[in-house]
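First comes the structure, then the notes that go with it.
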Protein chains: 2
Amino acid sequence: MKHYTIKDIATKLNVSISTVSRAFNDKYDIKKETKDLILKTAKDMGYIPNPIAKKLSQKRSLNIGVVVPEFINEYYSEIVIALQEFLISEGYQILVMQSDENEEQEMKNVQTLIKNMVDGLIIAPTAGTTNMTYYLNLINEGNPIVFLNRINESIPAPKIVFNNVKWSFFATEHLIRQHYETIYHLSGYKNLSVTSERIEGFKKAMNKHKISKDNYKIIEAGLLAQEGMEVIEDLIFNHDIPNAFFCVNDMVALGAIKKLKENGYRVPEDVAVVGFTETRMAELVTPQLSSIKQPTHDMAKKAGELLLKVIKSGTSSEETIIFNGVFNIRKSSVKGDLI
Amino acid sequence: MKHYTIKDIATKLNVSISTVSRAFNDKYDIKKETKDLILKTAKDMGYIPNPIAKKLSQKRSLNIGVVVPEFINEYYSEIVIALQEFLISEGYQILVMQSDENEEQEMKNVQTLIKNMVDGLIIAPTAGTTNMTYYLNLINEGNPIVFLNRINESIPAPKIVFNNVKWSFFATEHLIRQHYETIYHLSGYKNLSVTSERIEGFKKAMNKHKISKDNYKIIEAGLLAQEGMEVIEDLIFNHDIPNAFFCVNDMVALGAIKKLKENGYRVPEDVAVVGFTETRMAELVTPQLSSIKQPTHDMAKKAGELLLKVIKSGTSSEETIIFNGVFNIRKSSVKGDLI
DNA sequence: TGAATTCTCGGAAACGCTTTCGGAAATAAA
DNA sequence: TTTATTTCCGAAAGCGTTTCCGAGAATTCA
């Protein structure tokens, strides 16, 4: 089976290649009949236009680059899947690269994608991304970019973020309202914006309810189960286990629960635990984990829409879209019966 | 900042574009000094070769397409990450597409990747993939393809598989040796090769130990936690809970454990459970889940190596590489103390 | 019926690179 | 010094498209 080209069709039909090209691109003048004829024979021959050649002569590639810090956790997997769903429906293809939480790899990924002439980029920066001038340059050079979470406020590009402050506030307040006296927050890596935002929400709730500083604490854990376990081990060693934990994400919460149980603490009877960025595990573990679900699907779709807007308009807006979630209260943070 | 081309360098240095091209491609005759000069000024100018143009004039794109059925579970995420690691080190870039367990989407993905001139494909077919003639054609047309798991034996291409029979045999034998009298296997979707292989291993162990057919059963569940839960609900309704379950994967096992616990069964005291294709959750849940770990990293790397071999040799071999795993025995399947 | 428009379409350049061919310059052999 | 080799490089075609320009044919308008 040959790879037919536009030229093959042209010679076969005894027309010029430009006419054939016109038949495929609506924007030029061509008689309806010739167009139909060309399209039909092209189809019969099994002709597939060569996207590489197309990319070379046009500017656009109909490819969108997506860079995520990882996709071993469900969160970014869901984002990528939703992104793909939307962008395919708009005629784009997405190329996914993951940075392995490595800043250098992230820049390489972005570079690779730009070299491959993607029409735009959706970037969820890796934890340590501090090199903002790099992104500033890219934007100034006219590369359409939309950022997803974890991003520095100052970047002049559309940003899709989750309202971490608000929902972390709710989660904390939920614990306060149940009269857990001492509440610790296990936070993420400190250079992440999500970390500081969730801390902010946590503190806000503490202030609102006038909780004494003796009764809460913020401890940097990380984002992995392992890191949650380590913190709990330290606390147990220091005989410093509070009545409740609010964790930066589900993995840390699950690690914490594991270590607590191993050491004879019952959850939630002795210690309550709340997670964040709900995963499918929340419903599967015992006790079921209270957590905050992020609307990954909507967030991804919005990111896609904004990117297409930037691409089409040619100018980068600077709007920040803030999303809200759902707080699923489950057994891990409720002593009595669930309503 | 301009996008420099080979031509810009040529005019600046007053050489021909072919000379500049030669400087970048080792295979041609060029004086060492001119080459160094060109390379240096190119670097100074910040020249980046245009991969699209390169693809058009050469045959190869240095891109590898990867198609997986999903990456919401850790398994394929790990595979993709390892694949990326290896292929990047070999100078390739990978383009990942997921088929959402949808056969039609899978064919679209493959088509898109081929159109985009990937040099080769690594495909983990989706559950329902029955359309083998499609792949046969692709291979006959000379597309380098390596298959990963789940694949029909008859396809004449390199295949990377896990030794499901053997390890499912071990898992089952482990349960038998502990004198669980009745053992049920919760299997996957029936058209999957992994499903039938794990069933085969299960049966083999039963036969070896001469277990009566009254004492074991194979029930089709699926691959999701939800499906594991549903099966357990049915069994409970029929008062048909065995002493032990061997599940097709961890998610089904976790779903099963959840439902069992909800209905008052203790794991492993009343019912033992073993999973497969170990996930990070195995160690985090209570009781910790016995499971079989697949060497995803090695499998992915091997797939990459074989693909490069096919690409370079130009001929598709037909070897099947079978991998072995590790059986991590944990609390969920052991009544007494773990050694 | 002749002039002015409007439709269609072919020719050709362009996108940025690779690669073959052949010739000039440099080197080695005679 | 002349001839034979080798080394290096420029010219140009080619990869498969798009798209500008302009010309002939068809149509409309006086």
Side-chain angles (χ1 to χ4, degrees), chain A residues 1-39 41-42 45-63 91 93 112 114-119 142, chain B residues 1-39 41-42 45-63 91 93 112 114-119 142:
Chain A
M1 184 170 161
K2 274 286 110 54
H3 227 211
Y4 289 109
T5 73
I6 218 176
K7 201 172 172 182
D8 297 322
I9 304 179
T11 50
K12 178 159 186 176
L13 260 55
N14 217 25
V15 296
S16 74
I17 58 165
S18 40
T19 305
V20 178
S21 173
R22 266 182 279 254
F24 286 99
N25 300 286
D26 275 338
K27 45 188 164 179
Y28 298 106
D29 312 329
I30 185 171
K31 211 200 300 184
K32 177 117 181 23
E33 300 145 44
T34 53
K35 174 174 175 175
D36 290 345
L37 177 64
I38 290 172
L39 255 36
T41 58
M45 292 169 74
Y47 163 77
I48 299 170
N50 181 328
I52 305 283
K54 202 171 205 160
K55 281 183 215 182
L56 186 61
S57 72
Q58 293 183 141
K59 284 299 175 187
R60 35 189 287 167
S61 69
L62 286 180
N63 283 168
Q93 193 205 174
T112 306
I114 288 181
K115 278 198 229 165
N116 271 275
M117 292 194 168
V118 292
D119 292 343
Chain B
M1 184 169 160
K2 273 287 110 54
H3 227 210
Y4 289 109
T5 74
I6 218 176
K7 201 172 172 183
D8 297 323
I9 304 180
T11 51
K12 177 158 185 178
L13 259 54
N14 218 25
V15 296
S16 74
I17 58 164
S18 40
T19 305
V20 179
S21 174
R22 266 183 277 254
F24 286 98
N25 300 286
D26 275 337
K27 46 188 162 177
Y28 298 107
D29 312 330
I30 184 171
K31 210 198 302 182
K32 177 115 181 29
E33 300 144 44
T34 53
K35 174 173 174 175
D36 290 345
L37 178 62
I38 290 172
L39 256 35
T41 58
M45 292 169 76
Y47 163 76
I48 300 169
N50 181 329
I52 305 283
K54 201 170 205 162
K55 282 182 215 183
L56 187 60
S57 70
Q58 292 183 140
K59 282 301 173 186
R60 36 190 285 164
S61 68
L62 287 180
N63 284 168
Q93 193 207 174
T112 305
I114 288 181
K115 278 198 228 166
N116 271 275
M117 291 193 168
V118 292
D119 291 344

Where the side chain of Ser18(A) is concerned, which of dG16(C), dG10(C), dT17(D) is the nearest nucleotide? dG10(C)
Please tell me if Ser21(B) has a side-chain N or O lying less than 4.0 Å from either OP1 or OP2 of dT18(C). yes
Check the phosphate of dT19(D) against Asn25(A), side-chain N and O only, distance under 4.0 Å to OP1 or OP2. Yes or no? no
Close side-chain approach of Ile48(B) and Tyr4(B), heavy atoms under 4.5 Å: no
Whole Å only: how far is the CZ atom of Arg22(B) from the P atom of dC21(C)? 13 Å
Between dA14(C) atom C1' and Gln58(A) atom CD, what is the distance in whole Å? 13 Å
Nearest whole Å is fine: how far is dA13(C) C1' from Leu56(A) CG? 13 Å
Does Tyr4(A) place a side-chain N or O at less than 4.0 Å from the phosphate oxygens OP1/OP2 of dT17(D)? no
Between CD of Glu33(A) and C1' of dA26(D) the distance, given in whole Å, is 13 Å
Calculate the interatomic distance between Leu37(A) atom CG and dT8(C) atom C1'; express it in whole Å. 15 Å
Using distance alone, with no hydrogens and no angle criterion, decide if Thr19(B) and Ser16(B) have a side-chain donor and acceptor under 3.5 Å apart. yes
Using a cut-off of less than 4.0 Å, is there contact between a side-chain N or O of Ser57(A) and OP1 or OP2 of dT19(D)? no
Rounded off to whole Å, could you give me the NZ-to-C1' distance for the Lys31(A) and dA25(D) pair? 10 Å
Quick one: does Ile38(A)'s side chain get under 4.5 Å of Leu13(A)'s, heavy atoms only? yes
With Tyr47(B) as reference, evaluate Asp8(B), Ile6(B), Val20(B) under the side chain to side chain contact (heavy atoms under 4.5 Å, CB included) test and give the passing residue. Ile6(B)
Is any side-chain N or O of Ser16(A) closer than 4.0 Å to OP1 or OP2 of dG10(C)? yes
Whole-Å distance between dT18(D) P and Ile38(A) CD1? 12 Å
Sugar-phosphate only, base, or nothing, as touched by Thr5(A) at under 4.0 Å among non-hydrogen atoms: sugar-phosphate
Want to settle it: does Thr19(B) or Asn50(A) sit nearer the 5' end of DNA chain D, counting the closest nucleotide to each? Thr19(B)
From the set dC21(D), dC17(C), dC9(D), return the single nucleotide nearest to any side-chain atom of Tyr47(B). dC17(C)
Determine the minimum heavy-atom distance between Lys7(B) and Ile17(B), stating which atoms define it. CA-CG2, 3.8 Å
Please state how far atom CD1 in Ile9(B) lies from atom P in dG10(D), giving the value in whole angstrom units. 14 Å
